[in-house]
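Input: a single structure, listed below in structure tokens.
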Amino acid sequence: MPIPRKEYPRPQFVRKEWENLNGQWNFAFDDENKGLSEKWFEQFPSGQTITVPFAFQTEMSGINDPAFHDVVWYHRRIMIPEKWSGKQILLHFGAVDYRSWVYVNGNLAYHHEGGHTPFSVNITHLLKNDGREDEVTVRVEDPSEDVTIPRGKQYWHEKSESIFYTRTTGIWQTVWMEPCEQTSLSAIRWTPEIDRGDIDLEFEIEGGLPEGVSLSVNISFKGKKLISDSSNLFETYNKRSYNLRNRFTDRSNIHGPGYYWSPEHPHLFEATLTLKNGEQILDQVETYFGMRKVSIENGIFMLNNMPYYQKLILDQGYFPKALITAPSDEALKRDIELAKEMGFNGARKHQKVEDPRFLYWADKLGFLVWGEMANASEYSEEAARRLATEWFDVVKRDYSHPSIIVWLPLNESWGISRVAYDKQQQAHATSMYWQTKSIDQSRPVLSNDGWEHTISDICGIHNYRSAEEMSNAYKDVDSAISTTPANRVIYAQGFSYGGEPILITEYGGIAFKMDETEGWGYSAVQSSEDLVEEYRKVTDALFNSPVIQGFCYTQLTDVEQEINGLLTYDREPKCDLSKIREINNKK
């Protein structure tokens, strides 16, 4: 059986030597939470297996069981290649939902909490090193009914309904291993500074720093080498700045796109970082970055110092046979291509921390992304801790992607249902804003999208009203901020509008049923022609508003019982996509 999701999973930190561990793993449900031993797989004569990285709730996993199973076990044998002898062996997990314990040869190697963020563990000291296979066992705990866990659209009841979908439990992104030397690169971070013409590079070293270690950085653009720099290292954290404009006007956007990144011109720089001790190569990482700037000037949203109108599509990132795991890398790429074909210049990834491969294709194809956290449904002090801890790792993971232009830690007061008047929940929303700012000053932060804002760089409003109602609601700023969509105020008590750009970050939701499938939307039409016409009416109402600076239409595809996509769940167009593009291209 071919290995699923065989592409390298970490596109901005690529090492040549690696081994994909996706494919068939032994698998078992542990509904009674017996705490099975490391030889648990011998207790199950049926020999049940699962196809990693697909959750057991999916058809592509080979199990396809949507029922509650809060504790599951995985097991497989691995063989360390002989050529890796003497190296440190790193075991990587792209994402495991929600809590996981990793054992190697029966010994606990690592514990991780958080269903959307990666983790790595050095397993060298736990390996047999005698030519025999080693064993990896993973225990996963995912409390299905705990509504204080960041779960996004994953429902806490067994059957999907309303805006909530089938859960994901366990491994849902690629598992892989790779060798490295004792001293190696552990992190890199790119920050473009287009006003200076510079790219700032931060990098960290782990495993000690022997005397004589150096790092060489080579940067090229479209095959032309621009930077070749080498420096001796004396500290494990280092920061360098490289000037890329270098007095060349054509590299700026004064008289054209220059070397900058945008949806229209997704220019990327390629870079290689090589860590050496004398002539010995300790580590080498292939990476990339884009030169682009996001800012808000006098209440106007700017991309590369120019006003930019955002035409986004709401993208849930679900697939019919695989849920939140894309069935292939091509499927992630195709979703972006379809959105761009319809004239959208970006997406709001809704209540999902997306696979890094999606962000790679967004970077490469030119597609704006709003990075959003999957939220809990109810508030508690523990829920606040969980969200803040995991969100920190999300921002850290995705910081260097030029496609991400806005951070969105909270949506529609999910998990903070009393934020309109409750001081504690207001403090949480505000703290999420400042936490994000504390680790990324380069992007706007929208702390609670939809309504009931506290502190926010953007005023994002959700409104599913008719075209006529939308025209009246957004004729001026006062009208816009005094609306009460879903009977919610736009600003929480004690907070007020401060001149932020106003965007309609959810609207539309027009349902059109292509077959006999039952489902719902925020409004409904009976034909493809009617779908296009309703889209035109409601979108024109936003285009004609003198205060709206962008929108996010609900939504790209149908998802389970929701049938308000412009595409079906299987990505079949519901209408002539060129007609949608024609409407979008008016602005």
Side-chain angles (χ1 to χ4, degrees), residues 94-99 112-119 142 146-156 163-165 167-168 172-173 312 314-318 324 346-356 358-359 362 368-399 401 403-417 419 425-440 443-458 460 462 505-506 552:
V96 183
D97 198 356
Y98 173 69
R99 286 187 282 265
H112 181 261
E113 180 182 78
H116 309 90
T117 50
F119 60 94
D142 185 27
D146 187 342
V147 292
T148 66
I149 284 175
R151 61 173 63 251
K153 288 301 194 81
Q154 300 181 47
Y155 204 20
W156 51 90
I163 61 172
F164 297 102
Y165 317 133
R167 294 160 310 288
T168 292
W172 68 274
Q173 288 185 25
L312 311 178
L314 195 76
D315 183 359
Q316 313 269 11
Y318 275 71
I324 61 175
R348 180 177 155 223
K349 293 302 299 192
H350 189 35
Q351 285 300 291
K352 180 188 180 187
V353 179
E354 191 52 274
D355 188 318
F358 178 90
L359 300 176
L368 305 176
V369 178
W370 284 29
E372 182 172 341
M373 182 58 192
N375 293 160
S377 293
E378 285 293 331
Y379 186 81
S380 70
E381 289 75 10
E382 180 65 3
R385 182 199 65 80
R386 288 168 172 166
L387 188 77
T389 302
E390 194 167 355
W391 180 242
F392 184 96
D393 290 339
V394 171
V395 177
K396 180 180 178 181
R397 188 197 77 172
D398 295 339
Y399 177 91
H401 287 283
S403 57
I404 294 186
I405 60 165
V406 172
W407 291 121
L408 205 167
L410 290 162
N411 166 72
E412 285 189 349
S413 305
W414 289 18
I416 48 169
S417 60
V419 70
Q425 295 187 8
Q426 289 176 1
H428 176 56
T430 303
S431 72
M432 293 302 295
Y433 171 89
W434 287 117
Q435 173 185 315
T436 310
K437 287 291 190 180
S438 74
I439 51 179
D440 185 359
R443 294 174 173 93
V445 179
L446 204 168
S447 60
N448 182 30
D449 192 27
W451 43 67
E452 296 172 344
H453 298 289
T454 55
I455 297 176
S456 185
D457 295 327
I458 293 173
H462 298 177
T505 46
E506 284 187 31
C552 181

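Starting from 1, each residue takes its place in the sequence as its number.
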Side chain to side chain contact (heavy atoms under 4.5 Å, CB included) between Y165 and I324: does it pass, once the steps are laid out?
-> CA-CA 10 Å; Y165 317 133; I324 61 175; over 6 Å; no
Considering only heavy atoms from C-beta outward, does the side chain of T505 approach that of H462 to under 4.5 Å?
-> yes
Cation-pi, F358 ring and K349 (6.0 angstrom, 45 degrees) = yes
Step-by-step salt bridge (Lys or Arg N to Asp or Glu O under 4.0 Å) determination, R385 to E381 | CA-CA 6 Å; R385 182 199 65 80; E381 289 75 10; over 6 Å; no
Identify the heavy atoms of D146 and R151 that sit nearest to each other, and give their distance.
-> O-NH2, 2.7 Å
Look at atom NZ of K437 and say whether more than 12 heavy atoms of other residues, nucleotides or ligands are closer to it than 6.0 Å.
-> yes
Looking only at heavy atoms, which two atoms of N375 and Q351 are closest? And how far apart?
-> N-OE1, 2.8 Å
Would you say the side chain of L446 lies within less than 4.5 Å of the side chain of H453, judging by non-hydrogen atoms?
-> yes
Return the minimal non-hydrogen interatomic distance between Y98 and P150, and the atom names on each side.
-> OH-CD, 3.9 Å
Taking all heavy atoms of Q154 and all of T168, pick out the closest pair and write down the distance.
-> OE1-N, 2.8 Å
Go through the steps to decide whether W370 and I405 satisfy the test side chain to side chain contact (heavy atoms under 4.5 Å, CB included), and finish with yes or no.
-> CA-CA 6 Å; W370 284 29; I405 60 165; 3.9 Å; yes
Residues two or more places apart in sequence or in another chain: which of them pass side chain to side chain contact (heavy atoms under 4.5 Å, CB included) with A374?
-> H116
Any side-chain donor paired with an acceptor under 3.5 Å for S413 and N448?
-> yes
Option from I416, T148, L387 for which side-chain contact (heavy atoms from CB on, under 4.5 Å) with Y379 holds = I416
Which residues pass the ring-ring contact (aromatic ring centres under 6.0 Å, His included) test with F164, sequence neighbours left out?
-> Y155, W156, W414
Beyond-backbone contact of K396 with I439, side-chain heavy atoms, under 4.5 angstrom = no
Step through the shown structure and confirm whether more than 12 heavy atoms of other residues, nucleotides or ligands are within 6.0 Å of CZ on F119.
-> yes
Could you state the interatomic distance from CD (E372) to NE2 (H350), rounded to the nearest 0.5 Å?
-> 6.0 Å
Is any side-chain heavy atom of E412 closer than 4.5 Å to a side-chain heavy atom of E506?
-> yes
